[in-house]
Amino acid sequence: MIVWINGAFGAGKTTTARELIDLIPNSTLFDPELIGAGLTQLLPAKRLAEVGDFQDLPIWRRLVVDTAAAMLAELGGVLVVPMTLLRQDYRDEIFGGLASRRIAVRHVLLAPAETILRERIADREVPPDLPDGEIRVRQWSYDHIEPYHAALAGWLTADAHPVDTSALTPSEAAVRIAEAVSSGSVPVCDIVQTPEPTSETVAAGVLLFDEQDRVLLVDPTYKAGWEFPGGVVESGEAPARAGIREVAEETGIQLVDIPSLLVVDWEPPVPPAYGGLRLLYDGGRLDSDEARRMLLPGPELRAWRFVTEEEAAGLLPPVRYERLRWALRARERGAALYLEAGVPTG
């Protein structure tokens, strides 16, 4: 299990986490800041200059998941992780990656009043040997108060168990968290547990269209980026049936007819991904009543929307967009296409 302590920069997460490991049996502190510090030594300066925060590096998010899983495999017990996460897509990517490894995450938010938060930031110690320490530590915290409030007004309050630490010392906050975790007041995060593949996979997606011929895209909670409704084909399952099952699970739409095949795309392995076959089917056009009956986003989906082909280009990763683009051409021509890495062959 992981107890993830979130909160604004300067909220006292690390100090509270150090107190908490004395209260939760067989617990260990894991600070993802150390991974960020390591990447500053490992990555070229040019790559580091392209991002404003090491959280924006996909390698950091991947290493947080991999390192946490490795530590739990080595030590067992509980990891206490003090780390600010203000972007919901990063939260989804990291927590979804942990869920795929069957690692439960209990998400706690330290939430002092803003006046208290600003006082604590003003009192933060700046290492004397840290270049530009005043800017990199104190000003960084002040600059991220607004993004913290934006997350708080949006997804963060509903996702995490808040603990008002305005009048609490770190040790008192740790006691409050330990009690909430042991009593079950902090639930396991409601996120789909999709096992990570260990070899090539076959995945089936289904394109659904509205009355304006816009295509449906969904935003899964368990991985980054927009997708088509669909998922991995289970052992012994027909791919088209897998697409029908995934559409029903994700959107509540029950497809009666077997959808017609549009494209077969071979996705090459790009470590750490294994690649495999990606099939797209034509699920047909939904009338306005069917579209209105679509389920609201739940554990699997954060959002869904109908988009034009041009709008999809700005939402989908390049290879996935190419797959969609050729699927739409196949739909127009009435003949399926074979692709390799999103490019037609033959």
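For clarity, every value in this text was computed on a predicted model and none was experimentally measured.
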Salt bridge or not for Arg118 and Glu114, using N-O below 4.0 Å? yes
Any donor-acceptor pair under 3.5 Å linking the side chain of Asp265 with the backbone of Ala341? yes
Going through the checks in order, is the salt bridge (charged side-chain N to carboxylate O under 4.0 Å, His left out) test met by Arg329 and Glu309? CA-CA 11 Å; Arg329 302 294 83 76; Glu309 183 176 343; 3.0 Å; yes
How about Asp66 and Arg101: do any of their side-chain heavy atoms sit closer than 4.5 Å? yes
Has Arg214 got its NZ or CZ under 6.0 Å from the middle of the six-membered ring of Phe209, at an angle within 45 degrees of the ring axis? no
Identify the two heavy atoms, one from Phe30 and one from Pro82, that lie closest to each other, and give their separation to 0.1 Å. O-CD, 3.3 Å
Non-hydrogen atoms of Ala327 and Leu207 that approach each other most closely: CB-CD1, 3.8 Å
Locate the shortest heavy-atom distance separating Met71 from Leu29; write the atom from each residue and the value. CE-O, 4.2 Å
Applying salt bridge (charged side-chain N to carboxylate O under 4.0 Å, His left out) to Arg62 and Glu93, what does each step give before you reach the verdict? CA-CA 9 Å; Arg62 186 162 60 244; Glu93 184 178 347; over 6 Å; no
Per the side chain to side chain contact (heavy atoms under 4.5 Å, CB included) rule, which among Val186, Val81, Ile24 passes with Val3? Ile24
Taking Ser166 for the side chain and Pro112 for the main chain, is one N or O donor matched with an acceptor at less than 3.5 Å? no
Linking I/L/V/M/F/W/Y whenever their side-chain heavy atoms sit closer than 4.5 Å, directly or via other members, would Val319 and Trp326 fall into one cluster? no
For the pair Trp60 and Phe54, name the ring-plane relationship: parallel under 30°, tilted 30 to 60°, perpendicular over 60°. tilted
Atom pair OG1 (Thr84) and NE2 (His144), whose distance is rounded to the nearest 0.5 Å: 9.0 Å
Please check this pair: side chain of Asp210 against backbone of Asp213, looking for a donor-acceptor N/O pair closer than 3.5 Å. yes
Taking the ring centre of each residue, are Phe95 and Trp4 less than 6.0 Å apart? yes
